[in-house]
Structures are given as C-alpha cells and as structure tokens.
Amino acid sequence: IERNHSILLEKHPSYDRKIQDLISSNSLKDLRQFLIMLLSSNKAGAILLFDNEFGGGAHQFREERVRRIINDGDAVFVISYKRNKEKITTLEFYFKTYNFSYSVGQPDDLVKLFRSMKVREIVVNSFVSFPNVEDWIALTTRVHGGGDCRLVFLMHDYFSVCPSYTLVNDLSEYCGVPRDLNVCHECLIRSNGDFKRFEAHADILAWRTQWETFLQRCDEIVCFGGSSAEILRRAYPSIEMARIVVQPHDISGRFRQIYFDSWRSTVKTIGVLGAINLAKGSHVLRDLVEYIDTRRLAVKVILFGEIDV
C-alpha cells in the first residue's frame with residue numbers, strides 16, 4: 001500500500017491535500033443524505049408525519065410513534081412547526097442510527113422530494129399553529145394522490161372543526177358546535193381566544209370546506225374517545241363512520257402502583273395532572289377548591305402541573 005501510495009503521489013503530488021480538503025468541506029453531504037433517505041424509504045416505504053411543537057400529550061404520542069417506527073426498522077419523516085421567534089418549519093428524517101434535520105420554506109418545496117420517495121403512510125398528528133394551514137393540507141393531498149399510501153388523521157384536538165381548536169367560544173364556554181355557521185362566523189369575529197395567534201382572520205365556511213375535503217380523503221380518522229367522534233360527525237355529517245376509529249389512550253403499565261391499602265387516611269386526595277387552562281376546566285378546579293375550603297372538608301387537591309388562575 002505504501003509503495004502504491006508513493007507512486008500515486010509522484011504522479012499527483014496534491015492528491016492527499018485534495019482528499020483532506022474534500023473531507024473537510026463535506027461537499028457531498030447533501031447528496032449522501034439524500035441517497036440514504038431515498039434507499040431507506042424505497043425499500044418498504046417511509047412514514048410521513050406532521051405535528052407541532054407544543055409539547056404535552058399529543059407530542060408524547062408522536063414521540064412514541066416515531067420510536068416504534070424506528071425500532072421496527074422503518075424510515076420516518078417528521079415535519080413540525082415551532083411557533084417561536086424564528087417561526088421555523090423543520091423536516092427531520094430518522095432511520096436506524098441516521099437523523100438528518102432541515103429547515104423548510106414553503107410546502108411546495110417538499111412536493112418533489114416526497115414524490116421521489118416511496119411514502120406508504122401519511123400521519124397528521126396536529127396542524128395547530130402551522131402557518132397557512134391550507135397549504136399544508138394541500139401538500140398531504142398531493143403526496144397522498146401521487147402514490148399508493150394511506151392517509152391517517154389523529155384527532156388530538158378540534159382544529160379540523162374550528163380554528164378555536166378547543167371549541168371554546170367568545171363567551172369562554174364550550175360552543176356545542178352550532179349547526180348554523182353564521183353563529184360560528186360571528187363568534188370567530190368577536191373571540192379573543194388564544195387561537196387568534198394562529199388563525200386571526202379565518203372564515204368558517206372556507207375552513208370547513210377545506211377540512212371536509214381532506215377528511216374525505218383520509219383512509220382512517222382516529223378519535224381518542226366517543227365524544228370526539230360525535231363532535232366530528234356533527235360538524236361533518238358526510239364523513240362515513242367506516243373511516244372513523246375510536247381508540248382510547250392506553251396508559252396501562254406506564255406508572256408504578258401509586259396507591260396502597262396501608263396508606264389509608266381520613267383525608268381524601270384528588271390528584272390533577274397536567275397544564276390546566278380554561279379549556280381543560282381550570283375554572284371548575286378553582287370552584288372545587290373554593291367549595292372544599294369553604295366547607296372545611298377533609299379533602300386535599302394536588303396539582304401536578306400548572307394552572308392559569
């Protein structure tokens with residue numbers, strides 16, 4: 001090897017330096033990563049998943065789903081939007097020990113990429129906070145229509161029903177999903193809800209039209225409770241029940257035993273877990289604590305999280 005190397009250097013004295021320069025510049029990185037994505041996805045087909053970066057239960061659901069995909073030996077693309085100061089949309093790729101990350105401009109920038117890959121399933125975990133959400137819905141439709149893949153929608157929130165994705169109206173009450181869209185139209189105008197950070201000027205008629213088209217294309221709509229399925233069907237009676245799967249969350253085995261008979265006490269303890277805001281009943285919890293305190297009941301309320309009151 002040394003002799004051949006010496007002969008090579010006699011003919012090409014700058015060979016070693018050029019090789020080191022090439023390694024240092026890593027100019028073939030993008031091509032190399034593209035080929036890894038192409039080869040790994042074209043074998044069994046990759047999963048394409050959309051989600052925001054809000055954290056919480058939906059985010060944990062996504063993280064666990066991604067881990068299962070990787071452990072099964074499949075490739076997954078995750079497109080997420082982080083509504084911070086930079087407002088960055090990110091495309092991440094995972095396969096075995098590979099993990100690549102890219103900043104994304106517009107949804108149209110990704111059409112050619114995913115048409116060159118084999119995508120076997122598109123999963124929408126959540127579109128809340130995505131800018132110009134109609135463009136991202138259109139991207140899923142184009143990728144879905146361009147190949148043989150399933151389109152799955154996970155109903156972690158009610159964003160598909162209304163920009164006010166918790167269905168809290170302008171009176172800070174559950175709206176009940178009025179059948180008269182004029183009521184919704186006026187509510188969206190008057191509301192000062194947190195959702196206005198994402199959808200300041202949404203038109204409910206256009207909203208329902210674009211989402212209904214998307215939902216009709218879905219091969220599966222996963223609702224995590226029967227009430228969610230009922231609310232979805234109230235907003236979209238045209239959605240066939242055959243598309244909807246009610247799949248309650250399963251947290252069995254996640255926590256060690258938290259109650260023992262030896263811990264019996266005359267004081268009852270109520271545990272509340274999570275970030276509790278108006279939509280999750282912070283006012284109900286406040287009234288409950290006031291009721292307990294006023295009557296000096298032997299009840300203790302413990303909040304594992306935070307509350308907005």
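Residues L188 and V177 share a single hydrophobic cluster, defined by chaining ILVMFWY side chains whose heavy atoms lie under 4.5 Å apart. Under a hydrophobic-cluster definition in which Ile, Leu, Val, Met, Phe, Trp and Tyr are linked whenever side-chain heavy atoms come within less than 4.5 Å, directly or via other members, F95 and V78 are assigned to different clusters.
Every ring-ring contact (aromatic ring centres under 6.0 Å, His included) that F77 has, sequence neighbours left out, goes to F93, F114. Legend: residues meeting ring-ring contact (aromatic ring centres under 6.0 Å, His included) with H249, ordered by chain and number and at least two apart, are F61, F224.
Summarising the geometry of A206 relative to D203, their closest heavy-atom pair is N-OD2, 2.8 Å, with the distance given to 0.1 Å. Here the closest heavy-atom approach between residue S282 and residue I307 is recorded as CB-CG1, 3.8 Å. Looking at every heavy atom in both residues, L232 comes nearest to S160 through CD1-OG, 4.0 Å. In this structure, G281 and I276 approach most closely via the heavy-atom pair C-CG2, 4.0 Å. The shortest non-hydrogen separation linking V119 to L48 is CG1-CB, 4.0 Å. Heavy atoms only, all atoms of each residue included: L181 and L205 are closest at CD1-CD1, 4.1 Å.
Side-chain contact check for S129 and N52: no donor-acceptor pair (N or O, by modelled atom type) lies under 3.5 Å. For the residue pair D157 and T166, no side-chain donor N or O sits within less than 3.5 Å of a side-chain acceptor on the partner. At a cut-off of 3.5 Å, with distance as the only test, a side-chain donor of Y102 or Q33 sits close to an acceptor on the other residue. A donor and an acceptor atom, one from each side chain of Y81 and T90, are nowhere located under 3.5 Å apart.
Here M37 contributes atom CE and L35 contributes atom CG; the two are 9.0 Å apart, rounded to the nearest 0.5 Å. Atom-to-atom distance recorded for D72:CG and I47:CD1 is 9.5 Å, nearest 0.5 angstrom. Taken to the nearest 0.5 Å, the NZ atom of K29 stands 12.5 Å off from the CG atom of L31. Atom CG of N125 is separated from atom CD of E63 by 10.0 Å, given to the nearest 0.5 angstrom. Here the CE-CD1 distance, from M155 to I231, works out to 6.5 Å after rounding to the nearest 0.5 Å. Atom CG of residue L215 and atom CD of residue E240 lie 10.5 Å apart, to the nearest 0.5 angstrom.
In this pair, Y98 and F100 present their aromatic rings tilted. The plane angle is within the 30 to 60° band.
Screening V183, V168, L167 for a side-chain contact (heavy atoms from CB on, under 4.5 Å) with C175, the sole residue that qualifies is L167.
The residues R197 and D194 are annotated as salt-bridged, a charged nitrogen and a carboxylate oxygen being separated by less than 4.0 angstrom. Classification of R120 and D74 as a salt-bridged pair holds, one side-chain N sitting under 4.0 Å from a carboxylate O. E220 and R243 are not joined by a salt bridge, as no carboxylate oxygen comes within less than 4.0 angstrom of a charged side-chain nitrogen. D170 has a carboxylate O that lies under 4.0 Å from a charged side-chain N of R190, or vice versa, which qualifies the two as a salt bridge. Under 4.0 Å is where a charged nitrogen must lie from a carboxylate oxygen, and between R233 and E230 no such pair does.
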Hey, mind stepping through K96 and I70 against side-chain contact (heavy atoms from CB on, under 4.5 Å) and telling me if it holds?
CA-CA 6 Å; K96 295 184 177 179; I70 296 170; 5.9 Å; no
From CA spacing to verdict: salt bridge (charged side-chain N to carboxylate O under 4.0 Å, His left out), D148, K118
CA-CA 9 Å; D148 182 21; K118 181 180 179 182; over 6 Å; no
Show the numbers, then the answer: is there a side-chain contact (heavy atoms from CB on, under 4.5 Å) between H144 and R150?
CA-CA 7 Å; H144 179 245; R150 298 178 73 246; 6.0 Å; no
Hey, mind stepping through V104 and L110 against side-chain contact (heavy atoms from CB on, under 4.5 Å) and telling me if it holds?
CA-CA 8 Å; V104 177; L110 297 170; 3.8 Å; yes
For the pair S228 and Y158, evaluate side chain to side chain donor-acceptor pair (under 3.5 Å) and give the outcome as yes or no after the intermediate values.
CA-CA 8 Å; S228 295; Y158 297 105; 3.1 Å; yes
Derivation of the side chain to side chain donor-acceptor pair (under 3.5 Å) call for H5 and D16
CA-CA 10 Å; H5 184 236; D16 279 352; 3.2 Å; yes
Output, in order, the C-alpha distance, side-chain angles, deciding distance and verdict of side-chain contact (heavy atoms from CB on, under 4.5 Å) for I239 and I244.
CA-CA 8 Å; I239 303 298; I244 300 174; 4.2 Å; yes
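Side-chain contact between S80 and R62 is present, with at least one heavy-atom pair separated by less than 4.5 Å. Two residues are said to be in side-chain contact when any heavy atoms from C-beta on lie closer than 4.5 Å; V123 and R65 meet this criterion. By the 4.5 Å heavy-atom criterion applied to side chains, E173 and N169 are counted as neighbours. Taking the side chain as every heavy atom from C-beta outward, V301 and I292 approach each other to under 4.5 Å. The shortest distance between side-chain heavy atoms of S14 and R17 falls below 4.5 Å. Counting heavy atoms from C-beta on, the side chains of H201 and K196 never come closer than 4.5 Å. Looking only at side-chain heavy atoms (C-beta outward), V124 and L154 stay at 4.5 Å or farther from each other. The shortest side-chain heavy-atom distance between S103 and L91 does not fall under the 4.5 Å cut-off.
Remark: Y174 OH is packed, more than 12 non-hydrogen atoms of other residues, nucleotides or ligands lying under 6.0 Å away. In the displayed structure, N192 atom CG is contacted under 6.0 Å by at most 12 heavy atoms of other residues, nucleotides or ligands. By the 6.0 Å contact criterion, CD on Q106 is open, its count of non-hydrogen atoms from other residues, nucleotides or ligands being 12 or less. Counting heavy-atom neighbours within 6.0 Å of E64 CD, excluding the residue itself, gives a total above 12.
Both cation-pi conditions hold for R295 and Y291: the charged atom is under 6.0 angstrom from the six-membered ring centre and inside a 45 degree cone around its axis.
D219 contributes no side-chain N or O that, together with a main-chain N or O of V152, makes up a donor-acceptor pair within less than 3.5 Å. Between the R234 side chain and the G176 main chain, a donor and an acceptor come within less than 3.5 Å of each other. Remark: side-chain polar atoms of N132 are not paired, donor with acceptor, to backbone N or O of E134 under 3.5 angstrom. At distances below 3.5 Å, at least one donor-acceptor pair connects side-chain atoms of S6 with backbone N or O atoms of E2. Under a 3.5 Å cut-off, the side chain of T140 and the backbone N or O of I137 do form a donor-acceptor pair.
Between W136 and F127, the gap from one ring centroid to the other reaches at least 6.0 Å. In this structure, F153 has its ring center closer than 6.0 angstrom to the ring center of W211.
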